[in-house]
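Lettering follows sequence order; numbering is per chain, from 1. Quantities reported herein were computed from a predicted structural model and do not represent experimental measurements.
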Amino acid sequence: MRTATFAVLGVLSTTALASAADPVAPPTTADLDPLPPAGIKDGLVYLREQNDVFRLYPHAQVDLDAHAFYGVGTDTLTAQQAGTDLETRFFLRHARLDLAGELIQRIFFDAGAEFVSNPAIDGARANSLDTKIAISDAWVKLDAGRSLNVTLGVFQAPFSQENRTMAGDLAMLERNVATRGFITPNGKVLGLALGGSGQHDVARWDLGVFGADTTNTIDYEPHFDAIGRATFKPFVNTSSDVLRDLQLGLSARVGTRHPRDVTGDAPAITTGQGFAMWRPTHVDAAGQVMHVIPSSTQWAAGAEVRWPFCRGLALRGEGYWVSRNTRESPEGQQSAFTSRLGQMSGVGWSAELSAWPFQMANLIAPVTPPRSSPHADHLELARTTFSPERRGIEVAILAAGINATYDGASRGGPIDPSVGSTTIAIYQIGGAFNYWHSSHLRLSINANAYLTPGSGTSDNAAIVPGTLITTADEHRVVEIGARTSVMF
Amino acid sequence: MTDISRRELLLGLGVTALGTACRAALPDCPVCTRVKTITLDAPHPLDNVALVAERCQLFAFDEIHTEKPTVYTPTSIEDIKSIFREAGKQGRRVTVRGGGQSLDAQSLNDDLVMMMSDKFSDIGCIERDDKGFFITTGAGAKWWNVVKHVAPYGLMPPSLATAGWATVAGTMSADCVSRMSPIVGKEGQQIRAFHIVHPNGVDGWYCREDKDEKGRVFKAVIGSFGALGAVTQVKFDLMVARTNPGVFGDPPCVFTRSTRHGNAIDWDTTLRTLQSKTKLNGDRFKVNRAAHVGAKLSKSELQKKKQLSADAEHTEAHVADDTPELARTPEWSALSIVSFVNGQSMSANVLEQRYVDSQPLRRLYSDMYDADARFPSGAELQIPLLPTLTELGIELGFPEGEFVDELLGWSFFLHNSLNPAKAAAHRCGERLSFTQQTFALPAGGDDGPVDTRPAQRFIELLMARVHEADIRPGDIDFLYVPGDEFLMSGSYRLTAFVITVSFAEMNRPAFTPEITETLRALSHDCRTLGGRVHLVKGVVADPADLRVMYGDAAVKLRDMKKTYDPMNILRNDFFERVFNA
Ligand SMILES: Cc1cc2nc3c(=O)[nH]c(=O)nc-3n(C[C@H](O)[C@H](O)[C@H](O)COP(=O)(O)OP(=O)(O)OC[C@H]3O[C@@H](n4cnc5c(N)ncnc54)[C@H](O)[C@@H]3O)c2cc1C
């Protein structure tokens, strides 16, 4: 009976089976062509060997700037007197060529030259009249895994958020006065760093030892520095849209400068358009030009926060205590003679609110912006998602400041009676408007006011152009800058 | 640093990391099979079934999928029939469960579960006929026990999943794929016959040679995840693994030749090499196995054998002097590529492996194939905690070379590393979730030219997706597997590069959205590349993609169920989820 039932069911099901199509594998609808040997992806131009034994990312950037200065003295001071040309003018701010690349997908490198580096803005010199050809980057990074990599060469010191953000990715045209002039005046260092990160950057760390840096963008002076930075995204794995990308960070550096090796001036504090508001030279009571030179212990430490708290809107801020021992030597005798030992110390801080209004209004998708220059991060060529170009308007407002003291003889030697003030107080208030046509074309306008309350008196050693005119009682300079950036 | 201290360092770091994460211990931790908890509701038994019904919390091996069904443990065919009969009358749903080693919800259901592992686990005597050696075991016999039983006779199941506690019918019902599958086919190929009880009350034996309806049922039951009935016994082939097969003695060892491909792998060449070696060795295996069992070779087989010996002279010329004697003979038993994410790229080892006579061991440095080693389980624990450390460890511990390892350590290496790792996590009150998903990418026809493009594109997409999601897969395995004829098999008439991706996580109620979205996207990629997601491991995929991959097969299975399971009693969470069954 059971067999009979089985047979009947069998016949039934055979009939049923006849109705269903024979299973076949899905048709291939994807593109199977090999990835191209050259092309552009995520904003980067690449050339590659077919198995990615090597990849090259040629990168170039040309920035055409217009600078204008407003304030007492800006139309009377000569370029020689001001240390920078205060005339309204157009000029080539950056002409940069880089060759970055990857070897066996694990070794990344970037070597580049800046053909018009400005020692006052890109470095920390008082004079911005002569541009130079300088190394912009020269590093190699070995990637041993997400939590471990080694970087070697000349690169941006792992200190401070602003310093580590690529200049091209900042809302303002230049790093703020506190970062450039005080916190990490010479952003690039030569040395070796270990670094790594956790998933989704929940923690990221970089720690390095460095043997040289430069204030004029080309002459690297030997010294010893240990520099480290750690950032945390404590809420990155939560579902909170507001807190998810909140990033907190700490940076610290400590080092020494030996008089035998370091004879270059201490960093000047310059505006974004190159006017030096504090200069590491002065004429002493005896009429000699004295140079302030970093000497013995230098250290700095502080904290940072970055909070992209809603679609297209981000707040960032940081503050550091900086302590730099110095010595003063007469001109021409910087390596042979020290007149007095002093110290510069104080706080450098900044806060910036930036917004992408079209993204905020949901008119443009808020995507991770494509690269504007090579990163030490493998570029995946396979297209997984449609990645729109960087496009739209970005606006930002910024406040930054330096509240420091410089006492040239605090650690020894005769006090120079010609010194008026030991206080340095500089504030920057600025705004930026950027139009990104793609990650290859950016048009920007910046307006910045630099305030030096009490300058020209014993209250503040900082200066503005007006201070250089003996009769003026002026404590501010306004700079308006515009830039057309073309890069690939 | 010596190998030992390197290992100790890695293990130490893993244990420390786990220690820091320790909280109160979980109350029970038998690894994922059956966890009884006191808080469970009373069982919801079937009327008129005189069997003990228990309420149990059951887990999938991923420790994420779980249910609290009423569990029966039948001891006879009559018990099974009565459960089916009453379940049908009372509108209940039944899932058959073997070793519970499924990585997804294939053996879970929140209504009734029938445990086949405790009973039905006899292992019969080794037999031999003109087709070779074979054995008949109960459906619930665990593979660990089967291997322990047959290996001293110099025999091994041709294809063997690395799950020691999986059962013979459990892996058959999934048509499991293994490192040997490239050569001997997936598990279904070795099944000579099975006995099954259908929910319609019919039971019987189905054989490989059956034609027509019985033949179709044979091919549908294998790989259909218990959708057509409860298998009670399985008869399957054994293969010769050392000299003097069938004579009691030392179990064979396993010889491994590992060829390392550093970063920036030339995948086209590597996959082509895998394919050509697989084809050559597959042919050699067929011919030599026949010779082993004394079967007469056909004219064409003799011709092929001649050709193969000529090839062997050529390809084996570079074998090192100290290579064990048997490793020089032409055929490999297992061919695979094991690949790891290293930094932002991948490295890979091509593994050629074969059984050899018992001999002094030359273990793989990482002790990966040592059943008792602590290091591999330490590494498993670290994958979710410190992936880079594991990557570095693998980079150092999985080098190029020739090794000889013990059989059980090699056969069940994943079982050997994952189970102690899970137990260690449980002791700390943690849960180590592990999943794998397997993708079959078309590799060109069986006899046509090999096509590596879909697999290559898949690798590119895989790397791009894991990079984008910032997740690290554990390992990524590659096999070249010939197509088969089993209805629900991912390899149904699809000769494919079979790529398996693993992920591990700690203490998650579900895998993170990054992992699931990546797997879902990869499933879609697999579909557009003309492939299928294997149903044997975890499956995260859009139903629309699965419909394109399995729609026609599922319709056929559903039609068959109308006959053999007319009340649609046999269901499981997995099918309900992936096919909206
Ligand atoms: C450590 C580990 C290693 C693994 N390695 C591999 C591998 O190398 N290759 C591979 O392909 N898979 C592998 N797997 C997956 C595993 O082999 C399969 O999931 C296998 O199906 C589990 O068998 P089981 O006996 O535990 O079955 P279960 O998980 O209990 O059930 C699996 C399926 O089979 C059905 N079933 C079970 N018993 C019967 C029966 N008697 N009659 C009818 N249907 C039944 C169930 O309903 C279910 O659908 C591995 C898993 C683990 C945990």
Side-chain angles (χ1 to χ4, degrees), chain A residues 2-3 5-35 49-55 102-108 142-149 196-201 237 377-378 380-385, chain B residues 200-202 204 212-214 216 262-268 342-346 386-389 391-392 440 442 453-454 456-457 460-461 463-465 467-468 470-472 487 492-494 512 514 521 525 527-532 545 548-553 555-556 559-560 562-564:
Chain A
R2 190 183 296 151
T3 327
T5 319
F6 188 80
V8 172
L9 291 172
V11 172
L12 280 177
S13 95
T14 316
T15 326
L17 280 180
S19 62
D22 223 12
V24 284
T28 304
T29 52
D31 165 25
L32 293 179
D33 290 344
L35 294 171
E49 189 272 340
Q50 63 172 357
N51 296 315
D52 283 329
V53 173
F54 73 81
R55 284 227 199 131
E102 296 175 16
L103 295 174
I104 59 165
Q105 300 179 12
R106 300 201 74 172
I107 300 166
F108 303 85
L142 172 68
D143 176 34
R146 183 164 57 200
S147 346
L148 193 62
N149 56 61
S197 60
Q199 191 186 23
H200 306 315
D201 277 346
N237 290 318
D377 182 21
H378 176 61
E380 295 291 355
L381 294 182
R383 284 196 190 275
T384 50
T385 44
Chain B
N200 65 1
V202 176
D212 302 328
E213 174 62 7
K214 283 199 92 178
R216 273 191 285 274
N263 304 121
I265 299 163
D266 176 351
W267 280 111
D268 183 41
N342 283 130
Q344 298 184 23
S345 76
M346 261 169 132
L386 296 165
T388 305
L389 208 54
E391 283 165 29
L392 286 173
R453 291 172 308 157
Q456 282 192 73
R457 176 55 38 86
E460 287 155 5
L461 288 164
M463 288 307 285
R465 292 197 187 282
H467 193 177
E468 188 176 284
D470 199 7
I471 49 177
R472 319 288 280 192
L487 185 60
Y492 184 81
R493 297 187 187 165
L494 178 68
T512 55
E514 290 91 341
D525 296 336
R527 166 201 164 167
T528 60
L529 290 164
R532 292 198 191 102
D545 290 328
V548 177
M549 295 171 184
Y550 288 99
D552 293 334
V555 169
K556 285 198 169 198
D559 289 345
M560 252 184 210
K562 284 183 190 151
T563 306
Y564 299 101

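- Between A:His378 and B:Met463, every side-chain heavy-atom pair lies at or beyond the 4.5 Å cut-off.
- Here the straight-line distance linking atom CG of A:Leu103 with atom OG of B:Ser345 works out to 11.5 Å at 0.5 Å rounding.
- Interface remark: of the candidates A:Ile104, A:Asn51, A:Leu142, A:Asn51 forms the most heavy-atom pairs closer than 4.5 Å to chain B.
- Looking at B:Glu460, the atoms closer than 4.5 Å to chain A (heavy atoms on both sides) sit in the backbone and in the side chain alike.
- Shown here for B:Ala464 and A:Ala382, the closest heavy-atom pair between the two residues is CB-O, 3.9 Å.
- Both the backbone and the side chain of B:Ala553 come within contact range of chain A, with heavy atoms under 4.5 Å apart.
- The line from CG of A:Asp22 to OH of B:Tyr492 is 4.5 Å long, rounded to the nearest 0.5 Å.
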Q: Check the pair B:Glu468 / A:Glu380 against side chain to side chain contact (heavy atoms under 4.5 Å, CB included), numbers first and verdict last.
A: CA-CA 9 Å; B:Glu468 188 176 284; A:Glu380 295 291 355; over 6 Å; no
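- For B:Leu461, the parts sitting under 4.5 Å from any heavy atom of chain A are the backbone and the side chain alike.
- Ranked by heavy-atom pairs under 4.5 Å with chain A, the first of B:Asp266, B:Leu494, B:Ile265, B:Asp268 is B:Asp266.
- Looking at B:Arg465, the atoms closer than 4.5 Å to chain A (heavy atoms on both sides) sit in the backbone and in the side chain alike.
- Only the backbone of A:Asp33 comes within contact range of chain B, with heavy atoms under 4.5 Å apart.
- A donor-acceptor pair under 3.5 Å links the side-chain atoms of B:Arg457 to the main chain of A:Asp31, judged by distance alone.
- In this structure, B:Gln456 and A:Leu32 have side chains that are not in contact, with every pair of non-hydrogen atoms separated by 4.5 Å or more.
- Of all heavy-atom pairs between B:Leu487 and A:Pro23, the closest is CD1-CG, 4.0 Å.
- Between A:Gln199 and B:Ile471 there is a side-chain heavy-atom pair separated by less than 4.5 Å.
- Here the CG atom belonging to A:Asn237 is positioned 8.5 Å from the OG1 atom belonging to B:Thr512, to the nearest 0.5 angstrom.
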Q: Start with the C-alpha gap between B:Arg527 and A:Thr29, add the side-chain angles, then the distance that decides, and say whether side chain to side chain contact (heavy atoms under 4.5 Å, CB included) holds.
A: CA-CA 8 Å; B:Arg527 166 201 164 167; A:Thr29 52; over 6 Å; no
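- Between A:Ala25 and B:Arg532, the shortest heavy-atom distance links the atoms N-NH2, 3.3 Å.
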